[in-house]
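If you're wondering where the values come from, they're calculated on a predicted model, not measured in any experiment. The basis for the numbers below is simple: all heavy atoms, side chains too, and nothing from hydrogens, waters or symmetry mates.
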Amino acid sequence: MRTNWLTRRQHLPVSQDSAACSIFEALAWMAGFLFAQAIALAAVLTILYTSSFGLIWPNQKELVHWILDTNLDRSFLLIGTPVLGAVFLLLPLIRWREGQNYRERIGWRTPTVDEFVISLATVCPIALIGNLLYEVTNLWWKGEEVIAWTSATAIQQTSLEHLYSTFHGVPYPILIVAMALAPAFLEELIFRGVLGRRLVGRYGVTAGVLLSSTCFAAVHGSLPHALATLPVGILLHLLYLQTGTIWVPVLVHFGNNLLAVSLVHFNLQQESTFSPTLVFSMSLYLVMMLALLSVRTQEWQLRNQQSTI
């Protein structure tokens with residue numbers, strides 16, 4: 001008898017410990033995620049400051065000149081290094097929370113070829129949907145007039161343009177590691193591997209996915225960015241539930257980040273035209289990819305079970 005793919009957590013053992021996550025623990029992990037980045041950022045600023053002034057505190061004018069001369073207010077260091085530092089600070093905490101069997105609990109198996117290919121096919125559609133939500137919400141957030149959805153809307157400025165000046169001149173490999181790989185790995189471990197799995201174990205699939213995705217969106221800063229990140233978080237969690245391996249959402253998250261980083265680095269962003277029909281089509285496409293992934297994963301499970309008999 002086939003079961004609903006949303007209710008199956010085939011590779012995610014739900015023990016009493018894994019179901020013990022409450023809203024308060026979720027909030028604590030969110031605070032810890034932000035606090036770890038703050039510590040990493042403070043360490044970077046301390047190093048930069050002491051290399052310029054030593055142990056002497058400058059006057060306000062000298063400090064302002066230093067910030068402007070070094071472009072510190074627009075520096076890549078303020079964006080890229082906090083997540084890298086947080087990886088090293090939070091990984092031991094994640095391992096401690098999950099115990100010795102953390103790999104089995106989180107789901108550490110290598111994705112199959114089908115899971116790899118089908119998951120990658122969701123990167124561009126969810127990126128387009130997220131960017132659309134950001135632009136529309138950002139116009140509303142700034143108090144600007146949002147064009148009605150009765151016809152196709154031309155977005156004049158993408159959400160990536162304001163990052164171009166910040167990332168300009170930073171080597172592409174460094175951008176990939178700091179802005180694509182590190183956030184994908186750490187955020188998936190926390191918001192899917194730890195929080196998501198435990199919230200689903202306690203509150204059920206629907207509530208657990210929505211709660212963990214809301215936590216994921218909330219740590220992304222402004223309201224427009226958070227709303228744009230929410231559907232991404234939901235898709236990543238559904239991919240995690242379907243496949244049972246953390247590497248699938250990490251892969252899709254990395255692909256999404258890599259796409260944004262590449263567009264910024266090579267200055268490829270341009271005017272995009274969106275319509276309700278296009279949004280609906282992309283959403284339907286994602287549903288179809290999730291359904292196909294469900295079938296392929298069930299086939300893999302069946303072959304795996306038969307091989308062990």
Task: Co-membership, hydrophobic cluster, residues Leu259 and Tyr172, 4.5 Å side-chain - done: yes
TODO: Please test Ser212 against Tyr203 for side chain to side chain contact (heavy atoms under 4.5 Å, CB included), starting from the C-alpha separation and ending with a verdict.
DONE: CA-CA 11 Å; Ser212 63; Tyr203 299 105; over 6 Å; no
Task: Check against side chain to side chain contact (heavy atoms under 4.5 Å, CB included), Ile234 and Val209 - done: CA-CA 6 Å; Ile234 293 174; Val209 169; 4.2 Å; yes
Open item on the list: I'd like to know if the side chain of Thr137 and the backbone of Tyr134 have a donor-acceptor N/O pair within less than 3.5 Å.
Closed with: no
Open item on the list: Tell me every residue that passes salt bridge (charged side-chain N to carboxylate O under 4.0 Å, His left out) with Glu188, counting only those two or more places apart in sequence or in another chain.
Closed with: Arg192
Task: Distance, nearest 0.5 Å, that separates OG1 of Thr243 from CZ of Arg296 - done: 15.5 Å
TODO: Consider only side-chain N and O atoms of Glu104 and Trp108, and report whether a donor and an acceptor are under 3.5 Å apart.
DONE: no
- [ ] Using modelled atom types only, decide if a donor and an acceptor are shared between the side chain of Arg95 and the backbone of Gln100 within a distance under 3.5 Å.
- [x] no
Open item on the list: Quick check for you: to the nearest 0.5 Å, what is the distance between Ile118 atom CD1 and Leu290 atom CG?
Closed with: 10.0 Å
Task: Minimum-distance pair of heavy atoms, taken over all atoms of Leu230 and Thr214 - done: CD1-N, 3.9 Å
TODO: Using modelled atom types only, decide if a donor and an acceptor are shared between the side chain of Ser52 and the backbone of Leu48 within a distance under 3.5 Å.
DONE: yes
TODO: Report yes if some heavy atom in the side chain of Phe191 is under 4.5 Å from a heavy atom in the side chain of Leu236; otherwise report no.
DONE: no
Task: Sub-4.5 Å side-chain heavy-atom contact between Val136 and Leu132 - done: yes
- [ ] Evaluate side chain to side chain contact (heavy atoms under 4.5 Å, CB included) for Ile246 paired with Tyr240, printing each intermediate quantity in order.
- [x] CA-CA 6 Å; Ile246 194 65; Tyr240 180 48; 3.9 Å; yes
Task: Any residue meeting salt bridge (charged side-chain N to carboxylate O under 4.0 Å, His left out) with Glu62, in chain and number order, not counting sequence neighbours - done: none
Open item on the list: Tell me whether the rings of Trp247 and Phe185 are parallel (<30°), tilted (30 to 60°) or perpendicular (>60°).
Closed with: parallel
Open item on the list: Could you tell me if Arg109 sits above the aromatic ring of Trp300, with its cationic atom closer than 6.0 Å to the ring centre and no more than 45 degrees from the axis?
Closed with: yes
Open item on the list: Is it true that Ser213 and His237 share a donor-acceptor pair across their side chains at a distance under 3.5 Å?
Closed with: no
Task: Arg202 with Glu25: basic N within carboxylate O range, under 4.0 Å - done: no
- [ ] Look only at the side chain of Thr297 and the backbone of Ser294, and say whether a donor-acceptor pair between them is shorter than 3.5 Å.
- [x] no
TODO: Locate the shortest heavy-atom distance separating Ala178 from Pro183; write the atom from each residue and the value.
DONE: O-CD, 3.3 Å
Task: Rounded distance [0.5 Å steps], CD1 in Ile94 versus CG in Leu189 - done: 5.0 Å
Task: Shortest non-hydrogen separation from Met289 to Ala121 and the atoms involved - done: SD-CB, 4.0 Å
Open item on the list: Determine whether the aromatic ring centres of residues Trp66 and Phe53 are separated by less than 6.0 angstrom.
Closed with: yes
Task: Flag for Tyr285-Thr122: side-chain donor and acceptor within less than 3.5 Å - done: no
Task: Main-chain N/O of Leu93 paired with Arg97 side-chain donor or acceptor, under 3.5 Å - done: no
Open item on the list: Listing request: all side chain to side chain donor-acceptor pair (under 3.5 Å) pairs with a residue in residues 219-228, at least two apart in sequence or in separate chains.
Closed with: none
TODO: Let me see the working for Val252 and Asn256 under side chain to side chain contact (heavy atoms under 4.5 Å, CB included), right down to the final yes or no.
DONE: CA-CA 6 Å; Val252 175; Asn256 185 73; 5.5 Å; no
Open item on the list: Centre-to-centre under 6.0 Å for His253 and Phe216, is that the case here?
Closed with: yes
